[in-house]
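Reviewing the structure listed below.
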Amino acid sequence: MARRKIIAGNWKMNKTPSEARELCALLAPLVKDADTDVVYCVPAIDIVPVVEAVKGSNVEVGAENMYIEEKGAYTGEIAPDMIVDAGAKWVIIGHSERREYFKEDDAFLNKKVLKAFEHGLTPILCCGESLEQRESGVTLDWIRLQIKSDLQGVTKEQASGMVIAYEPIWAIGTGKTATADQAEEVCRAIRECIAEIYDTDTAEKIRIQYGGSMNGGNCKELLAKPNIDGGLIGGASLKAEFAEIVNYNK
Ligand code: PGA
């Protein structure tokens, strides 16, 4: 059975609630006939307005981050239940910007993954290597280590429904994209790693995205690869170009 592609925008820290509504209005007519799943991952403060703006459409909403506790004295953090109650279904976990700027390590990210599942949120788990790692030839080992650590305790049923985003750090926001072959090589290795941890059935079901300067121009070639099941889109998700990716096969 073919995996359905999933195109997710990662808006990062870019849109105020009013701007978020405007972007939803701009994109609504452009993405409505998508043959792919479409998700907007938005800043916490935009979740409620964006859920409202996409109500009744084919678009689902995700958070960009989440804390690991249920509630309490964690000033500034967002609990899983808050995200669920606001109407989001997805949550990005372990984006390289969270790993780098907020020092989130794999042990912590594993807790986030488990907590997301506990609350019925589906994680989009990010992994990826730095330029130094790629140049020194440790990319695949590094990615396997990230996946194995971040998925500890995740059941095969849970893994089957989740999304892993392969995002080489050197390609994020730099305009430098991994070639389709480079991206495919790592996405295939991720699928093999999932087969090792679980089984081939789970590996066939899990969806693996590529992220890192994916745009209207390069999406077709990337999305044609057998192990690339979608994209996690930063810069290009903030404009009409996002719809070109969503409609890549039209
Ligand atoms: P980019 O970001 O498309 O701007 O490179 C992708 C991401 O960080 O998810």
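As the structure lists them, so they are numbered: ligands from 1, and atoms in each ligand from 1.
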Do you know which of V39, I83, V61, L121 makes side-chain contact (heavy atoms from CB on, under 4.5 Å) with W90? V39
Using a 4.0 Å cut-off to any heavy atom of K12, which atoms of ligand 1 qualify? 2 (O), 7 (C), 8 (O)
Looking at G212, which atoms of ligand 1 are within less than 4.0 Å of one of its heavy atoms? 5 (O)
Any idea which atoms of ligand 1 are less than 4.0 Å away from a heavy-atom of G235? 1 (P), 3 (O), 4 (O)
Numbered atoms and elements of ligand 1 in range of A171, under 4.0 angstrom, heavy atoms: 5 (O)
Checking contacts here: is it the side chain or the backbone of N10 that comes within 4.0 Å of ligand 1, counting heavy atoms only? Could be both or neither. side chain
H95: numbered ligand 1 atoms lying under 4.0 Å from its heavy atoms: 7 (C), 8 (O), 9 (O)
Checking Y166 against E185: is there a side-chain donor and acceptor pair closer than 3.5 Å? no
K15: which of L23, V42, V50, I45 passes side-chain contact (heavy atoms from CB on, under 4.5 Å): L23
Close N or O approach (T174, ligand 1; < 3.5 Å): no
Using the rule given for side chain to side chain donor-acceptor pair (under 3.5 Å), can you reason through H95 versus E167, listing the C-alpha separation, both sets of side-chain angles and the distance that settles it, and then say yes or no? CA-CA 8 Å; H95 190 280; E167 299 204 305; 3.2 Å; yes
Interatomic distance, CD1@I233 vs OH@Y210, rounded to 0.5 Å, equals 9.5 Å
With rounding to the nearest 0.5 angstrom, report the OG1 to CG distance, T36 to N58. 8.0 Å
G173 versus ligand 1: do any nitrogen or oxygen atoms come within less than 3.5 Å of each other? yes
What do you reckon, does S213 put a non-hydrogen atom under 4.0 Å from ligand 1? yes
Short N/O distance, under 3.5 Å, between G234 and ligand 1? yes
Output the list of atoms in ligand 1 that are nearer than 4.0 Å to some heavy atom of E167, sorted by atom number. 6 (C), 7 (C), 8 (O), 9 (O)
Quiz question: by atom type and distance under 3.5 Å, do the side chains of N249 and K220 form a donor-acceptor pair? no
Would you check whether A236 has a nitrogen or oxygen atom less than 3.5 angstrom from a nitrogen or oxygen atom of ligand 1? no
Shortest non-hydrogen contact between G128 and Q146, atoms and distance: N-OE1, 2.9 Å
